[in-house]
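Taking it in order: structure first as structure tokens, then the write-up.
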Amino acid sequence: MKEELAHFNECREAIRENIKTYEQKVQAGKQETEDLFAAVASGDVELYNQLIVSKDMLFHNENVLRKNRAALDKPYFGRVDYRECDSGQEEKLYIGKNGVTRNRTEVLVVDWRAPVSTIYYENELGDGSYFVPEVGEIKVNLDLKRTFDVADGKLLGYYDNDAVATDELLVKYLSQNKDVVLGDIISTIQKEQNEIIRETPYCDVIVQGVAGSGKTTVAMHRISYILYNYEKKFLPSEFCIIGGNDMLLHYITSGLPELDVHDVEQKRMDLFFRDLLKKEHKKEFVKLFGKKQDEEKKIVPVPAQDAYKSKVEFILALEQALAERKACLIPVEDIRDEKLGVVLSKESIADTLRENPDFSVLQLQKLLNERLQKRIAFLMTEEENAEKKKAVKARYKGYFKMEKPETDILKIYEEFLAEYQSGERLLPETGKYHVYDLAALTLIWKRITAKKMTDEYGQIIIDEAQDFGTAVYYVLKQVLTGCYFTIMGDVSQNINYETGMNGWEEVREQVFTGERTRFHILAKSYRNTIEISEYAGKILEKASFGAYKITPVIRHGREVEFHRAKGKLPEKIKSLTGEIADRGYDTTAVICRNEIEAEMVRGWLGQEEEGEDFEKGVMVLPIQLTKGLEFDAVILMNPSGEAYRETEADAKLLYVAVTRALHELHVVYEEELSTLFQSAC
């Protein structure tokens, strides 16, 4: 312990020196950048490149300063002593949330994302290995694995080697409030989580994780890991995080800067499709949504009668219809000229279609027209005069083309819907296009009218993936052909029962097939106490027939409390929120069945409608908006039999509500509890 204390203090002193150095560099860099900007603005354009370099250097120095400041109170959390088997070289490495160097060369703390850190997360004592991208596997013999207990700049102690010690530290962290838990998560990443984080970026990853298993945390750390280890292959701008609502997106991305991740895009699923369509179909876009830009903020719900549009059968039927349309627009038959004979053979046309399977009809027509012109030039001899050659070329110019009605994606969609539903269903009203309409229109655009390939994205991360049907994933996979996907979800938490996913089989069999797909299961829940998990587990039996059971971390807390408040619901909820705050918890959610009920409760508490950001204090939310979020305490508002029927769909909603709570769960009800809850009691 004496040696560790000495090293700890030495490391903190080096970090203090780094902070001083980089504070000076940042101050000087800001002044230099301001001076250069003023000079360029006044007309000295020759200094523009120097300004760009200065801004980049300033950003780098600010980032290093931020890392050192963040590392001062907790420089590291782990240590590994090992010997490389091939070289015999011995190493002693300290691992932390932020990599720290002294004099730019001496590594004091290894960044958790570095390949060698895998030894800490996954290896037991003895023979092991870690993988270095583009190098391969490095075999090692691990002599020591040590986990440190650090708080407020003090080394409190350490645990050596075993998983039990790591779990003990994990439980200690989980017992604290939500902010502390998130801050310490890197030091307690579990082996099964680490395997997903460090999975190769050149594959599609699907993760089924129970509530509280760390799915979102794993996804965000995976982004950080890929950008750190594959910076020459993927840029931050090539990443896009997709979710179902704005509050969830803001919540899950708020911690990215702390993970050294910047400039990553985030979009709601419906807006992702809208933006793809908007680029090339601006007129149709107005027909779809009207002229008001603020309409984009609204999520259009899926009507019950449109649930069929979320199914793979629907999207595959559309795919078949588009293939038939393509065959009509590009017939595979010889193109003959009276004098030249076969100008372009059916074999050549078939080869073009086969060699470019991802091209739209428009792209294929352009390519075939170019080949047609080249064939004419080849077939006409040099002796023939230029005017004659020009005339023949003009005759075949634009041979392959589509008339305007054939490029109208709304008209194509309407024709398909009329045929699919025997003429019963036509297009929705303007502004009523939901995510599955948009997915279908995006597939039509991709197959028929797209002018170029969609290549701006390299990595797509989807959170709460179970809330979307297979049709969405089919379209994403077809449109983003060069992209890799990380898909995180829990089919037991599907709140869109009729349109979302209640199992992974279909999406794995119809969309993400082949060797490049990895499927992982996270069964251990780190969020809830044992007391809360027991109730959640019983409800889960009804929600998914026990398909994916919870394995809770052994952490005890308050018993789940039931409060019958007949005629006094407002008073009880007010008093409970006050009591929870007095116990030192920062985040409390009053979870209601729907927005109407939530609005009523906000009135009791004197609150306004919730915004798009996750906030400390008391939030009053309908269940739909709590997906993916977690709170220190949850007050479940009146889970009556009328609100939650004994169906799998309602059991999933109740399961979501219950599993939002880290430490305390209070059930406040008027008369009788739902039978779903009674069976869990």
Side-chain angles (χ1 to χ4, degrees), residues 202-206 238-240 242 267-281 284 308-327 329-330 352-367 407 409-410 412-413 416-417 420 433-462 465 468-487 489 499-501 504-517:
Y202 305 113
C203 70
D204 297 321
V205 176
I206 300 174
E238 294 177 56
F239 285 72
C240 187
I242 300 178
K267 284 185 182 178
R268 271 190 355 229
M269 185 71 80
D270 58 336
L271 294 184
F272 187 87
F273 288 127
R274 287 191 195 189
D275 287 349
L276 287 175
L277 293 170
K278 194 174 184 179
K279 290 174 184 175
E280 294 184 8
H281 287 277
E284 288 90 338
Y308 71 93
K309 294 180 181 178
S310 68
K311 311 303 180 190
V312 72
E313 294 82 8
F314 172 77
I315 210 70
L316 290 178
L318 175 59
E319 186 77 282
Q320 179 60 34
L322 295 175
E324 292 169 4
R325 182 177 288 266
K326 175 182 175 180
L329 292 168
I330 308 177
T352 301
L353 299 183
R354 187 173 57 255
E355 290 164 5
N356 301 280
D358 296 323
F359 274 29
S360 68
V361 169
L362 195 66
Q363 289 170 303
L364 288 167
Q365 288 181 335
K366 182 181 178 183
L367 184 58
T407 64
I409 60 172
L410 293 180
I412 295 170
Y413 189 38
F416 171 73
L417 287 177
Y420 191 79
Y433 287 80
H434 51 70
V435 66
Y436 299 107
D437 287 321
L438 295 169
L441 287 164
T442 302
L443 185 63
I444 295 169
W445 162 75
K446 169 66 177 176
R447 295 294 185 233
I448 307 297
T449 66
K451 294 176 182 176
K452 60 179 183 178
M453 303 292 282
T454 306
D455 59 359
E456 64 258 51
Y457 299 109
Q459 294 280 342
I460 295 288
I461 297 88
I462 303 174
F468 302 103
T470 309
V472 155
Y473 297 102
Y474 180 87
V475 175
L476 287 174
K477 194 78 165 65
Q478 298 302 314
V479 172
L480 308 173
T481 51
C483 198
Y484 299 95
F485 293 81
T486 298
I487 296 172
T499 57
M501 282 192 292
W504 292 103
E505 295 77 17
E506 191 173 75
V507 80
R508 293 177 66 190
E509 291 168 4
Q510 299 285 352
V511 183
F512 294 100
T513 58
E515 294 181 357
R516 85 172 213 182
T517 300

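- What you find for Tyr484 and Cys203 is that their closest heavy atoms are CD2-N, 3.4 Å.
- Between Thr449 and Glu280 the shortest heavy-atom distance is O-OE1, 3.6 Å.
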Q: Apply the test side chain to side chain contact (heavy atoms under 4.5 Å, CB included) to residues Val479 and Trp445: give CA-CA distance (whole Å), side-chain angles for both, the deciding distance (0.1 Å), then the verdict.
A: CA-CA 9 Å; Val479 172; Trp445 162 75; 3.9 Å; yes
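- How far CD of Glu238 is from CG of Asp455: 9.0 Å, rounded to the nearest 0.5 Å.
- Side-chain contact check for Gln363 versus Leu367: every heavy-atom pair is 4.5 Å or farther apart.
- Residues Gln510 and Glu313 fail the side-chain proximity criterion, which asks for heavy atoms closer than 4.5 Å.
- Tyr433 contributes atom OH, which lies 11.0 Å from atom CG of Leu277 (distance to the nearest 0.5 angstrom).
- To the nearest 0.5 Å, the span separating NZ on Lys326 from CZ on Arg447 amounts to 7.5 Å.
- The minimum heavy-atom distance linking Ala450 with Ser360 is given by the pair O-OG, 2.6 Å.
- Interatomic distance, NZ of Lys311 versus OG1 of Thr470, reported as 8.0 Å (0.5 Å rounding).
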**Q.** Criterion side chain to side chain contact (heavy atoms under 4.5 Å, CB included) on Val472 and Ile462, from CA distance to verdict
**A.** CA-CA 11 Å; Val472 155; Ile462 303 174; 6.0 Å; no
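- Using a 4.5 Å cut-off on side-chain heavy atoms (C-beta onward), Tyr420 and Tyr308 make contact.
- No side-chain heavy atom of His434 sits less than 4.5 Å from a side-chain heavy atom of Asp270.
- Other residues, nucleotides and ligands contribute only 12 or fewer heavy atoms inside 6.0 Å of the NZ atom of Lys366.
- Interatomic distance, CD of Glu324 versus CG of Leu329, reported as 12.0 Å (0.5 Å rounding).
- Judged by distance alone, the side chain of Tyr473 and the main-chain N or O of Ile487 form no donor-acceptor pair under 3.5 Å.
- Phe314 and Ala440 make their closest contact through CE2-CB, 4.2 Å (heavy atoms, listed as atom of the first residue, atom of the second, distance).
- The line from OH of Tyr413 to CG of Asp437 is 4.0 Å long, rounded to the nearest 0.5 Å.
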Q: Applying side chain to side chain contact (heavy atoms under 4.5 Å, CB included), run through Phe273 and Leu441 and close with a yes or a no.
A: CA-CA 9 Å; Phe273 288 127; Leu441 287 164; over 6 Å; no
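- Using a distance-only test at 3.5 Å, with no hydrogens or angles considered, no donor-acceptor pair links the side chain of Thr513 to the main chain of Glu509.
- Between the Asp204 side chain and the Phe485 main chain, a donor and an acceptor come within less than 3.5 Å of each other.
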**Q.** Criterion side chain to side chain contact (heavy atoms under 4.5 Å, CB included) on Lys309 and Leu318, from CA distance to verdict
**A.** CA-CA 10 Å; Lys309 294 180 181 178; Leu318 175 59; over 6 Å; no
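- Of all heavy-atom pairs between Cys483 and Tyr457, the closest is SG-O, 3.9 Å.
- Counting heavy atoms from C-beta on, the side chains of Lys446 and Met453 come closer than 4.5 Å.
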